[in-house]
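Quick notes on the structure that follows.
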Amino acid sequence: MVWNTQSLNSSGSMPVGGGDIGLNLWVENGNVHLYISKSGTFDENNTLLKLGRVKLKLSPNPFQGQSFKQELILKDGYAQISGSNGKLSAKINVWVDVFNPVIHLDIKSSQNTTTEASYESWRFEDRITKGKENNQNSYKWAPQGIVKTLKDEIAFKNNTVQFYHQNTPETVFDITVKQQGLDDRKAELFNPLKNLIFGGTMQGDNLFPAGTYEGIYLNTPFKAWTLKSKNPLNSTSITITLNTATTASAKEWELSLNAIKNKNSQKASIKWWNDYWDKSFIYINSKDGSANQSAKNYQLFRYMLGCNAFGKYPTKFNGGLFTFDPQLTDTALKYTPDFRNWGGGTHTAQNQRLVYWPMLKSGDFEMMKPQFDFYLDLLKNAEIRTQSAWGHNGASFTEQLENFGLPNPAEYGWKRPADFNKGMEYNAWLEYEWDTVLEFCMMILETERYNGNNIDKYLPLIESSLSFFKEHYKYLAKQRGAKALDTDGHLVLYPGSGAETYKMAYNATSTIAALKTVLERLLEHPNLAEKQKSEWKAMLKTIPSISFRRFGDRSTIAPAKLWERINNTESPQLYPVYPWGIYGIGKPGLDTAINTFKYDTDVLKFSSYIGWKQDNIFAARLGLTEDAAKLTTAKLKDSGRRFPAFWGPGFDWTPDHNWGGSGMIGLQEMLMQVDGKKIYLYPAWPKEWDVHFKLYAPYQTTVEGQLKNGKLINLKVLPESRKADVINMIK
């Protein structure tokens, strides 16, 4: 990515990052700006706060002349800004240490220049958040009293600027626990917001405190603390070191900040990025410009995912580490840069899953760990919640889940009927939707099959998530009548939910497909005790069959046996195709699945390439090349913003990471699909798209190959024994 002009504002920024840090980097009016984000910086309201903005000004200014260039050097994972003004030229390398939480700005100029580095903060005073601004936190549209984003502590310290946010003793965790009737179990509950302190320090060679100033960027007032060169130099390095700690003492936070190693060697980070790109790729070289653009944006989005490889928390679907001033996404939202729609510490599994599924085929298994650990950390809270509400075992994970495992308080509902079940969300979209955790259980099982990961520590999570369905639907049946199972000995999955769309469903297809597939895969796990095996075999026998319906004379997969209403625009009747793989190429019933895609009137009405829509993936899995190509290229086309992979807002926010993730999945599935040991190449790939790719398959297998002029060449499969399992579908 090379830009030869400066940006108008932060919406024209470029993502830079590494480890668990993301920067939005842009040059505006000759000055370098960057927003700083880091995984897990949740305040007392559960807003995912940015860690400020840095402004860099050089005098005389090399970026106010005729020549300018800003480049993302993707291979090595850093950005370079260069410019010249008369005889003065300068280069700034901006990079993040992948292995230490340190941001580097390395400045070199042909003449001596004076550097001013300013730390700009809009959190220099408390700020009341009103109306839709509370969508950035866990209160959303239902704040209980006044909600404030509290000020940070910012000051010059020796020759640095030090800044941090310290959470108050009471947080939204305490309010949610009380709301949901769990005060008596509070001491047992995992609380990630308690004693959380996050921030950092900015310093530089030859830089000293030079006072403060105030200003307004777009609509947001800020205060700045400036460090300035003591005397002009032709080389300056600035570092911003970040630290997050769980401690009640700011002093302890500061000690752990000062202990962070600040090695100024970029070599290890560059090697990490080089290895990342060698691991997996899709390069298209076609006469079809939209196909080439799709592959380019696939790479750019994978880069953004790589910036949170080592985050404590998963990459958020609603902007990841790269959100910018909200009014540049929606002109009505003149809020601070901390804003993102759908919350900071609130997780929506329906969306999150699309960020993480593509990491299997790209071989980015280490990057999946934060998402798996997220659920594992919440397991105990989810089990306590189930026990407290219904008196039975199993982990209940709702949609709109807080990072402490309870339902989001606004979605749970403050104005609930007095006798409404305390385990339930009082919400038309989310009620009875708790099967989304099973996709993450499946991902965990798949990392074992793909990469040989030891997943033993996650088995309690998988087993408890399955137990919930067995226990809960027997419990509900016994409340309605004398029998826990139907005539055929099956669970009655009622009330249920087909995604957020088919509500009050009886035997939702998406739930049946999830339970059946996860149980079958769990039973293949080598370390399962005999007692567990017999228990899960018995449960598998209780899973009901998928239902069907007809359109004209064509049989299609039904979203459920029955449902009361349609609430959203998803197509869970195709979830048995993706992600669950019950139907697909080389499998029985493919014609029924294709009929569902082509003739189900709801599927046709809901079809789109925007946001989290999965139609491109369904088409690829069904071998419908023309539809897959059309939908995937539409999804992966340039975003319309300066950075091509800043899609959105879609249904969520910008940059929309579930938009990018579903685009990645679609392209991967067009190229390669797996079924047991079978590896299908080019199952939905246009013959005229020349491509060079490297993807991962189960059983620690990599597949690299090229399609040139409609012919497969240079096929490399490791281990070589797996070559026999490859089925080339382009003849």
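Bear in mind the structure is a predicted one, so any value in this text is a computation, not a measurement. We use all heavy atoms of the structure for the numbers below, so side chains are in, but hydrogens, waters and symmetry mates are not.
Using modelled atom types, one finds a donor on one side chain and an acceptor on the other under 3.5 Å when comparing N658 with N351. D288 and S290 share a side-chain donor-acceptor pair at under 3.5 Å. Side-chain contact annotation: N714 with Q706, donor-acceptor N/O pair under 3.5 Å present. Side-chain atoms of N341 and N135 form a donor-acceptor pair, as typed in the model, at a separation below 3.5 Å. Side chains of N206 and S229: no donor on one and acceptor on the other come within 3.5 Å. No side-chain donor from either of T336 and R127 sits under 3.5 Å from a side-chain acceptor of the other. A donor atom on one side chain and an acceptor atom on the other are not found under 3.5 Å apart for N24 and S10. For the 3.5 Å distance criterion, the side chains of Q352 and H657 fail to qualify, holding no donor opposite an acceptor. Looking at N292 and S286, their side chains never bring a donor and an acceptor atom within 3.5 Å of each other. Of the N and O atoms on the side chains of D652 and W659, not one donor lies less than 3.5 Å from an acceptor on the other residue. A side-chain donor from one of K635 and S662 sits under 3.5 Å from a side-chain acceptor of the other. When only modelled atom types and interatomic distance are considered, R642 and T5 share a side-chain donor-acceptor pair under 3.5 Å. Judged purely by distance below 3.5 Å, without hydrogens or angles, the side chains of T315 and N308 pair a donor atom with an acceptor atom.
Side-chain contact between W342 and W653: absent, with no pair of heavy atoms (C-beta onward) separated by less than 4.5 Å.
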Residues W26, Y35; criterion ring pair (Phe, Tyr, Trp, His ring centres under 6.0 Å); working and verdict
CA-CA 9 Å; W26 76 103; Y35 279 126; 5.3 Å; yes
One pair to check against ring pair (Phe, Tyr, Trp, His ring centres under 6.0 Å): W273 and Y303. What are the steps and the verdict?
CA-CA 9 Å; W273 282 109; Y303 169 72; 4.9 Å; yes
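A distance below 6.0 Å separates the ring centres of H165 and F198. If you look at F322 and F643, their ring centroids are not closer than 6.0 Å.
Summarising the geometry of K361 relative to S280, their closest heavy-atom pair is O-OG, 4.0 Å, with the distance given to 0.1 Å.
Within the 3.5 Å criterion, the main-chain N or O of A629 finds no donor-acceptor partner in the side chain of T632. With hydrogens and angles ignored, the 3.5 Å screen pairs no side-chain donor or acceptor of K296 with any backbone N or O of D638.
Between H104 and W95, the angle of the ring planes stays under 30°, which puts this pair in the parallel group of the 30/60° scheme.
Salt-bridge formation is detected for the pair D275/K271: a Lys NZ or Arg NE/NH1/NH2 atom is positioned less than 4.0 Å from an Asp or Glu carboxylate oxygen.
Checked options R123, K223, K50; the residue passing with D152 is R123 (criterion: salt bridge (Lys or Arg N to Asp or Glu O under 4.0 Å)).
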